[in-house]
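A short worksheet on the structure shown next.
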Amino acid sequence: MTTQEILIQAKEAKTALMLADAERKNMALHKMADALVKQEHAARILEANKRDLEAAKGTIPDVMLDRLMLDEKRVADMADGIREVAKLEDPVGKVLSEIVRPNGMTIRKTAVPMGVIAIIYESRPNVTSDAAALALKSGNVCVLRGGKEAWRTCHAIVEAMQIGLEEAFMPRTAVNLIEDTTRVSANELMTAEGFIDLLIPRGGKGLIRSCVEHATVPCIQTGTGICHVYVDRAADLLMAIQIVENAKTSRPSVCNAQEVCLVHREVAAQFLPMLQDTLCEKRQKEGNQPVELRLDPEAAKIIAGTPAGEADFDTEFLDYILGVKIVDSVEEAIEHINLHSTGHSEAIVTTDQKAAEQFTAAVDSAAVYVNVSTRFTDGGQFGLGCEMGISTQKLHARGPMGLAELCTYKYVVCGDGQIRQ
């Protein structure tokens, strides 16, 4: 089908989704989850994923291959994610505020679905099920446009979920997958006025910039994460090492992974050798990929590493690379973060409550942590079930986007014949 034909059928399904009650939506979600793990469907998904992986090898980095790869456990996790969404409170119809005017007229601000939500994403098949589940639960039709590296996998996932929708007597066109993976289809979605009510790009800097610059439909800026951890002079250094190690190495290819470590000058001589030992030497001895440390001139006086280039503090590496810079104060750390961050997630490690309060008040990012790894910026970790993306903008939605962020609102005004004098 052409992109335009898919948009037409998505728009036609909008009313059915808006009218579906919580019980019916939850039944559909459970049927979708069951379909994913049904043996014949799961086998098709894994076979499609195998073909995608084979085609992608040598064309994308190994850390990105990990994002693309599915196994039985990851498919089961996708199904469990859908079931978790089913457990959440239905946001549709929630009265956000209510006032009664002197003339007896009642005005209720009520949460309602957006309508049709389009998601453009790259090589992460689990986004397919997460996005579909969140859209359905919030009463929205979704139009999915995955990257070419994962198209076979996404197609098999959508086919299984559509079978689940039909078993729940819901339109299979509640979940749609764009067949064209060229830039043409992305541009069509960006300019699909009258068909798309909200566009959410999930991917690299280039994709997000293109959507923000060219979209004529409402667009949420998401994703790119130049995330910082600042090790304060009052930090527990053992805690700091654990947090930095987790934030950098647990999954470096995701947007909440740490890209820059800022270290207070007073603890740099003690902390930086610990950092090098943990991220480089120990990892190599254990057979794990060591982290390349890109050091500013001051850090390079203390430990060995690669000299940091001009762009290294403005790059989302998504790899085993970490920028390291020494700062003289919490104020300098805040200034650096606000200048170089993408507004995603930042952390301070400190035992100084005043420094923590100053950091959380002044750092202008969607999620700010005190003595916690940045890797927690995630819908599931925030209790949202899963997420549609991480919004790094400030209007409408900020941070992990769950069900509430996929709704807008309308005013429902009730009376008994009031007229305006």
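Computed from a prediction, not measured in an experiment: that's the story for all the values here.
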Side-chain donor-acceptor pair present, S138, N140, cut-off under 3.5 Å: yes
Less than 3.5 Å apart, any donor N or O on the side chain of R375 or S250 sitting next to an acceptor on the other? yes
Report yes if some heavy atom in the side chain of T110 is under 4.5 Å from a heavy atom in the side chain of K94; otherwise report no. no
Any donor-acceptor pair under 3.5 Å linking the side chain of R74 with the backbone of M69? yes
Is it the case that over 12 heavy atoms from other parts of the model lie below 6.0 angstrom from the CD atom of E213? yes
Verdict with reasoning, R251 to D66, per salt bridge (charged side-chain N to carboxylate O under 4.0 Å, His left out): CA-CA 9 Å; R251 204 169 179 196; D66 176 64; 3.4 Å; yes
Look only at the side chain of H41 and the backbone of L36, and say whether a donor-acceptor pair between them is shorter than 3.5 Å. no
F376 atom CZ, neighbour heavy-atom count above 12 within 6.0 Å: no
Pairing donors with acceptors under 3.5 angstrom, does anything connect the side chains of Q358 and E331? yes
Between V217 and M190, is the side chain to side chain contact (heavy atoms under 4.5 Å, CB included) condition met? List the steps. CA-CA 6 Å; V217 299; M190 293 180 208; 5.6 Å; no
Over all atoms of both residues, closest heavy-atom pair of A234 and T351: O-OG1, 2.6 Å
Does any part of the side chain of D277, heavy atoms only, come nearer than 4.5 Å to the side chain of M274, both counted from C-beta? no
Within the side chain of S345, is there an N or O that forms a donor-acceptor pair under 3.5 Å with the backbone of T377? no
Go through the steps to decide whether D52 and T153 satisfy the test side-chain hydrogen bond (donor to acceptor under 3.5 Å, both in side chains), and finish with yes or no. CA-CA 7 Å; D52 280 336; T153 308; 2.5 Å; yes
Atom CD of E23: over 12 foreign heavy atoms under 6.0 Å: no
Evaluate the salt bridge (charged side-chain N to carboxylate O under 4.0 Å, His left out) criterion for residues D34 and R83: first the C-alpha distance (whole Å), next the side-chain angles of each, then the deciding distance (0.1 Å), finally the verdict. CA-CA 9 Å; D34 293 344; R83 295 187 185 103; 3.1 Å; yes
Compare every heavy atom of D21 with every heavy atom of D90, then report the nearest pair and how far apart it is. OD2-C, 4.4 Å
Look at atom CD of E335 and say whether more than 12 heavy atoms of other residues, nucleotides or ligands are closer to it than 6.0 Å. no
d(L275 CG, L295 CG) to nearest 0.5 Å is 9.0 Å
Checking the side chain of Q276 only, and the main-chain atoms of A304 only, is there a donor and an acceptor separated by less than 3.5 Å? yes
Without hydrogens or angle criteria, can the side chains of T374 and Q258 be said to hold a donor-acceptor pair below 3.5 Å? no
Separation between NZ of K31 and CD1 of I163, rounded to the nearest 0.5 Å: 12.5 Å
Classify the side-chain pair E166/Q162 by whether it contains a donor and acceptor separated by less than 3.5 Å. no
D232 side chain to Y230 side chain, donor-acceptor N/O pair below 3.5 angstrom: yes
Any sub-3.5 Å donor-acceptor pair from R398's side-chain atoms to S391's backbone N or O? no
Heavy-atom count around Q4 CD within 6.0 Å, excluding the residue itself: above 12? yes
Answer yes if the side chains of S97 and R108 hold a donor-acceptor pair under 3.5 Å, and no otherwise. no
Which heavy atom of C154 sits nearest to which heavy atom of Y121, and what is that distance? SG-OH, 3.7 Å
Do the rings of Y411 and Y409 sit parallel, tilted or perpendicular, given the 30° and 60° boundaries? perpendicular
Beyond-backbone contact of L406 with I200, side-chain heavy atoms, under 4.5 angstrom: yes
Without hydrogens or angle criteria, can the side chains of T306 and E292 be said to hold a donor-acceptor pair below 3.5 Å? yes
For T249 and N246, indicate whether the former's side chain and the latter's backbone hold a donor-acceptor pair under 3.5 Å. no
Donor-acceptor pair, distance only, cut-off 3.5 Å: does the side chain of D352 make one with the backbone of K354? yes
Where do C261 and V231 come nearest, in terms of heavy atoms and distance? SG-CG2, 4.2 Å
Pair T278-E245, side-chain donor/acceptor within less than 3.5 Å: no
Could you check S341 against E346 for side-chain hydrogen bond (donor to acceptor under 3.5 Å, both in side chains), going step by step and ending with a plain yes or no? CA-CA 8 Å; S341 170; E346 328 297 344; 2.4 Å; yes
E72 side chain near L46 side chain, heavy-atom distance below 4.5 Å: yes
Is it the case that more than 12 heavy atoms not belonging to E54 sit under 6.0 Å from its CD atom? yes
Would you say N187's side chain and A215's backbone share a donor-acceptor pair under 3.5 angstrom? no
How far apart are the C-alpha atoms of L29 and V85, what are their side-chain angles, what is the distance that settles it, and do they pass the side chain to side chain contact (heavy atoms under 4.5 Å, CB included) test? CA-CA 8 Å; L29 288 169; V85 173; 4.2 Å; yes
Check L262, D314, V260 against H340 for a side chain to side chain contact (heavy atoms under 4.5 Å, CB included) and give me the one that passes. D314
Would you please say whether a donor-acceptor pair under 3.5 Å links the side chains of N288 and K282? no
What do you reckon, is CZ of R265 surrounded by more than 12 foreign heavy atoms closer than 6.0 Å? yes
Which heavy atom in P290 sits nearest to a heavy atom in Y320, and how many Å separate them? O-CB, 3.8 Å
Closest heavy-atom pair, A168 versus R24, reported as atoms and distance to 0.1 Å, is O-NE, 4.2 Å
Indicate yes or no: at least one non-hydrogen side-chain atom of T350 is less than 4.5 angstrom from one of F359. no
Using atom types as modelled and distance alone, determine if a side-chain donor or acceptor of N49 lies under 3.5 Å from a backbone N or O of L70. yes
Does N176 reach the side chain of L144, with side-chain heavy atoms less than 4.5 Å apart? no
Side-chain touch K248/V291, heavy atoms, less than 4.5 angstrom: yes
Taking the six-membered ring for Trp and the single ring otherwise, decide whether the centroids of H336 and F313 are under 6.0 Å apart. yes
Quick check: does any side chain N or O of H264 sit under 3.5 Å from a backbone N or O of D328, one acting as donor and the other as acceptor? yes
Can you check whether P218 reaches D197 side chain to side chain, under 4.5 Å on heavy atoms? no
